[in-house]
There are 2 protein chains.
Amino acid sequence: MAIDRKQLIVKAATKSFSLFGYKATTMDQVAKIANVGKGTIYTFFKNKEELFDEIISSLIKEMKSEAEQAIDSERSFQENLHRALYRILEYRMEHQLTIKLFQEEREMGTPAVLEVMARLEKEIIQYIAGKVQTLGIDKGEIKQCDPQLTAFIMLKLYISLIFDWEKEHPPLEKQEIAELLEQYVFKGLSI
Amino acid sequence: MAIDRKQLIVKAATKSFSLFGYKATTMDQVAKIANVGKGTIYTFFKNKEELFDEIISSLIKEMKSEAEQAIDSERSFQENLHRALYRILEYRMEHQLTIKLFQEEREMGTPAVLEVMARLEKEIIQYIAGKVQTLGIDKGEIKQCDPQLTAFIMLKLYISLIFDWEKEHPPLEKQEIAELLEQYVFKGLSI
DNA sequence: ATAATGACTGAAATGTTCATCTGGTCAAAA
DNA sequence: TTTTGACCAGATGAACATTTCAGTCATTAT
């Protein structure tokens with residue numbers, strides 16, 4: 001069977017988006033890296049944005065899978081929530097694609113990138129909200145609360161503590177953040 | 001005695017910054033509104049940025065004064081913290097100058113504005129941290145905790161709940177935010 | 001004397017022009 | 001039927017021209 005051209009294209013595009021960002025990646029460039037004609041890309045994807053979206057969907061899937069691996073049914077809900085959130089934000093800090101896109105969002109405000117980053121955040125909150133419901137509320141580990149709002153607050157809190165705090169102060173260790181989560185959120189939520 | 005030219009200039013500049021933002025305000029414009037020669041401005045202020053800084057210093061003073069008025073020694077620390085923070089963010093939403101500058105920060109990223117907004121945030125955190133120490137810790141109303149970190153978390157939490165949450169959901173009422181503060185932070189801090 | 005002024009200056013921002021680039025198409029080739 | 005790259009219209013940005021503006025200082029007013 002012939003080589004899987006679609007996969008070649010996706011790989012090439014991922015590489016280029018990671019290296020140069022969304023805007024600075026040209027379809028000619030993607031075609032060249034993938035060793036296909038430019039027209040071929042358009043037999044698999046309606047346009048540049050759809051190609052981008054498909055890559056982001058994979059990214060989201062992988063992030064969820066990473067978070068899922070961080071969860072350990074032997075541990076408490078609180079520990080697991082911390083581990084999942086921390087894993088997600090670590091993932092964001094470790095991967096060239098998310099770093100580049102985050103930078104492009106702040107520095108250039110490319111609309112397609114803004115859109116996609118909003119979707120990413122929404123999906124993370126959705127995922128965390130699910131865990132708050134199933135691991136926290138359903139299992140009786142925490143009080144009744146709005147899972148959406150709780151997930152939203154948790155994510156914002158983590159982003160503030162990891163990314164904003166260190167703009168003016170020495171960065172917080174993973175352990176310190178876990179303790180803050182305990183101190184500020186769980187003492188209020190636990191039964 | 002002759003008219004107070006310095007005050008005229010400050011008033012004119014405040015008006016222009018509020019209406020057009022920092023970048024779009026010209027010194028000629030300020031001079032014209034103030035009915036003084038442009039050179040006169042430079043007898044009172046070294047440059048445009050120093051004039052801006054003086055106006056921001058007044059703004060900070062007024063914000064603190066507003067917050068101070070919201071605090072009522074009869075009430076609990078928790079209530080007072082909520083009232084002070086909410087008052088500060090209300091102030092930011094109500095005043096043309098802060099609205100305009102916030103917009104200029106996001107949309108244009110004018111360096112002088114970024115700088116000044118960072119100072120504003122720092123001063124708010126400093127102020128709140130002081131209240132956490134004197135009203136909370138010293139009076140024994142809450143546990144020992146890092147006042148800086150607590151103030152930082154509180155402010156970020158409030159900004160998220162007031163400004164970010166409503167990007168995707170119906171806005172939260174003042175009362176709801178107070179309850180979230182109670183639920184997520186105070187249950188963990190109170191003795 | 002001192003205080004106030006606004007015409008002036010150079011640097012930086014902005015507008016304009018035009019050649020190049022790029023997302024997307026489609027007729028031809030494989 | 002699938003793949004391709006030459007082609008097109010609109011977007012982009014480099015190069016240059018023009019305007020704007022923060023800040024100065026010689027002159028004027030008090």
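Chain letters run A, B, ... following the sequence lines, proteins first, then strands; residues in each count from 1.
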Going 5' to 3' through nucleotides 23-30 of chain C and flagging B where a protein heavy-atom sits under 4.0 Å of the base, S where only the sugar-phosphate is that close, and - otherwise, we get BBB-----

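S160(B) places a side-chain N or O within donor-acceptor distance of the main-chain N or O of K156(B), the cut-off being under 3.5 Å. Here the side chain of T43(A) pairs a donor or acceptor atom with the backbone of T40(A) at under 3.5 angstrom.
Atom CE in M108(B) sits 12.5 Å away from atom OH in Y22(B) (nearest 0.5 Å). How far CG of L120(A) is from CD1 of I56(A): 7.0 Å, rounded to the nearest 0.5 Å.
Distance K32(B) NZ to dG6(C) P: 12 Å, rounded to the nearest Å. Spacing between atom CE of M108(B) and atom C1' of dT14(C) amounts to 12 Å, rounded to whole angstrom units. Atom pair D4(A):CG and dT2(D):P shows a separation of 14 Å (rounding to whole Å applied). With rounding to whole Å, I41(B) atom CD1 is found 13 Å from dT24(D) atom P.
With sequence neighbours excluded, no residue satisfies ring-ring contact (aromatic ring centres under 6.0 Å, His included) with Y42(B). By the side-chain contact (heavy atoms from CB on, under 4.5 Å) test, E166(B) pairs with P171(B), sequence neighbours left out. Not counting sequence neighbours, the partners of F152(A) by the ring-ring contact (aromatic ring centres under 6.0 Å, His included) test are W165(B).
Between E54(A) and K6(A) a salt bridge is recorded (basic side-chain N to carboxylate O distance below 4.0 Å).
Residues of residues 11-20 of chain B that place a heavy atom closer than 4.0 Å to DNA chain D do not occur.
Other residues, nucleotides and ligands contribute more than 12 heavy atoms inside 6.0 Å of the NZ atom of K64(B).
Between F163(B) and L89(B), the closest side-chain pair of non-hydrogen atoms falls below 4.5 Å.
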Can you name the atoms? Protein N/O to nucleotides 2-4 of chain C N/O, anything below 3.5 Å, with the distance.
residue: dA4(C); atom: OP1; partner: R5(B); partner atom: NE; Å: 2.9

